[in-house]
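Only one structure is covered here, and it is reproduced in the block below.
Whatever order the structure lists them in is the order used to number ligands and atoms, beginning at 1.
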Amino acid sequence: MNQNREIPYKIYLEESEMPKQWYNVRADMKNKPAPLLNPATHEPMTAEELSVVFCEDLVKQELDNDNAYIDIPQEILDFYKMYRPSPLVRAYCLEKQLDTPAKIYYKFEGNNTSGSHKLNSAIAQAYYAKKQGLKGVTTETGAGQWGTALSMACAYLGLDCKVYMVKCSYEQKPFRREVMRTYGAAVTPSPSDTTEIGRKILAEHPGTTGSLGCAISEAVEVATHTQGYRYVLGSVLNQVLLHQSIIGLETKTALDKYGIVPDIIIGCAGGGSNLGGLISPFMGEKLRGEKDYRFIAVEPASCPSFTRGKFAYDFCDTGMVTPLQKMYTLGSGFIPSANHAGGLRYHGMSSILSQLYHDGMMEAVSVEQTSVFAAAEQFARVEGILPAPESSHAIRVAIDEALKCKETGEEKTIVFGLTGTGYFDMVAYEKYNNGEMMDYIPTDKELEAGFAGIPRFEGNEF
Ligand SMILES: *Cc1c(COP(=O)(O)O)cnc(C)c1O
């Protein structure tokens, strides 16, 4: 720690400073996230039941509420070294432009072909599948970043990869699809007629352009009906937050090197994995009573799970085939408006973050799409990175907090997660530039329709 050292634009870590263990924030939570429930019996899912869907090692991680540190296998560390440590950037140029006394830092996760943080968990999940001797994995992808990340990981390890891609993205983002196929994945638009649940959804909603919830149902069905396959998920699950803790651990090491203590840590929240990963080690300190930080989750006003959802047990998918998870949810039948924050359109939220939010350990805000793109362009023009629309939700709130500091004269230190790049999102940028982008905020009545689909049973009052 050296407080007098001048802080460079980019704080890089040496390879030797990279974390060798993931940090499991559940170990420090007094109120543990509620267990997954079997939807038929409402009893906690056993490891055995979960092993039908997920690989064995990942089931262990999913259920592990006690071990604070879990070793990262050497093979995964070696893969991480290809694109990590990721830089922690001091946004000097943005600070200057905002004329704020705030000090702004962002952790940039877009330095790999998948263009986002999702590769951190994709390689871990593919590794454990391979270790178990499986033939392949199935998954869903919305905007395409997760599918791309998983395709890359599977290609590297020689695993088969079947991706169910939300139909509107499949059609709107042909280049994402081609990247996945380049890495050898089989990509199917969802809902499709290749699964029982897909055929059912198509019959009930002809012409539907799909949702993440539908694609999850299809991918789970294929995994559980195909010998040698398991299902993997790119967000929401405890194991994914665990893998993403690499983001927060690196951030903390980098900040500690320069004696920097953040006041506010901000991240966008779709299913909660990047935010959970970024804040985990800091949240651990807060939970242990060692330090205090403000944590802010930023979600789109069009899909406001935290700020307007219910804290209840709900299905993770539209087809209601997954276990029940206790989380902030808009209802598994909620289909958000065709909104460009592709990766933030999920109806639910990580149960770890849901519990922490419920316990008042973190805050959440929702922001409208046009203000998000305004922040994205402001950032792109001075910081030299074209941000993903999802990441730009965090940029919006980081800028807002920095502007508050300008008013009060406070020199707060703000850290936010810049989860990825927006090169495949130019149709959304085009809409914004043409002044054709709309803000959409669901009415209470529309939300009620989603809540009506949340299962009601004893112990699930909301
Ligand atoms: C998927 C994605 C997100 C949202 O997912 P979380 O699990 O909430 O982190 C955010 N940013 C980018 C670039 C993504 O690809």
Next item on the list: Return a yes/no value for S391: is any of its N or O atoms, backbone included, closer than 3.5 angstrom to an N or O of ligand 1?
Entry: no

Note to self: If you measure every N or O of G271 against every N or O of ligand 1, does any of those distances drop under 3.5 Å?
What the structure shows: yes

Item checked: Under 4.0 Å to a heavy atom of L344 - the qualifying atoms of ligand 1, by number -> 4 (C)

Note to self: Please verify the inter-ring angle class for Y231 with F54; under 30° counts as parallel, over 60° as perpendicular, anything in between as tilted.
What the structure shows: tilted

Note to self: Minimum distance, heavy atoms only, to atom 14 (C) of ligand 1: which one of K118, E109, Q244, M349 is it?
What the structure shows: K118

Notebook entry, point to check: When Y128 is tested against each of Q61, R230, E56 for side chain to side chain donor-acceptor pair (under 3.5 Å), which residue passes?
Noted result: Q61

Check: Would one find an N or O of G420, backbone or side chain, under 3.5 Å from an N or O of ligand 1?
Finding: no

Next item on the list: Classify the contact between A269 and ligand 1 as side chain, backbone, both or neither, using a heavy-atom distance cut-off of under 4.0 Å.
Entry: backbone

Notebook entry, point to check: For ligand 1, does V236 get within less than 4.0 Å through its side chain, its backbone, both, or neither, judged by non-hydrogen atoms?
Noted result: neither

Next item on the list: Answer with yes or no after comparing the ring centroid distance for Y9 and Y92 against a 6.0 Å cut-off, counting only values under it.
Entry: yes

Margin query: Would you call the rings of Y156 and F79 parallel, tilted or perpendicular, taking 30° and 60° as the class edges?
Written below: perpendicular

Check: Is the gap between the ring centers of Y293 and F282 under 6.0 Å?
Finding: yes

Next item on the list: Show which atoms of ligand 1 fall inside a sub-4.0 Å distance from at least one heavy-atom site of S235.
Entry: 6 (P), 7 (O)

Note to self: Before you tell me yes or no, could you show the steps for Q369 and Y440 under side chain to side chain contact (heavy atoms under 4.5 Å, CB included), namely the whole-Å CA-CA distance, both residues' side-chain angles and the distance that decides it to 0.1 Å?
What the structure shows: CA-CA 8 Å; Q369 186 161 235; Y440 182 74; over 6 Å; no

Notebook entry, point to check: Would F462 and F311 count as a close aromatic pair, with their ring centres under 6.0 Å?
Noted result: no

Notebook entry, point to check: Which of the numbered atoms in ligand 1 are below 4.0 angstrom from a heavy atom of S116?
Noted result: 13 (C), 15 (O)

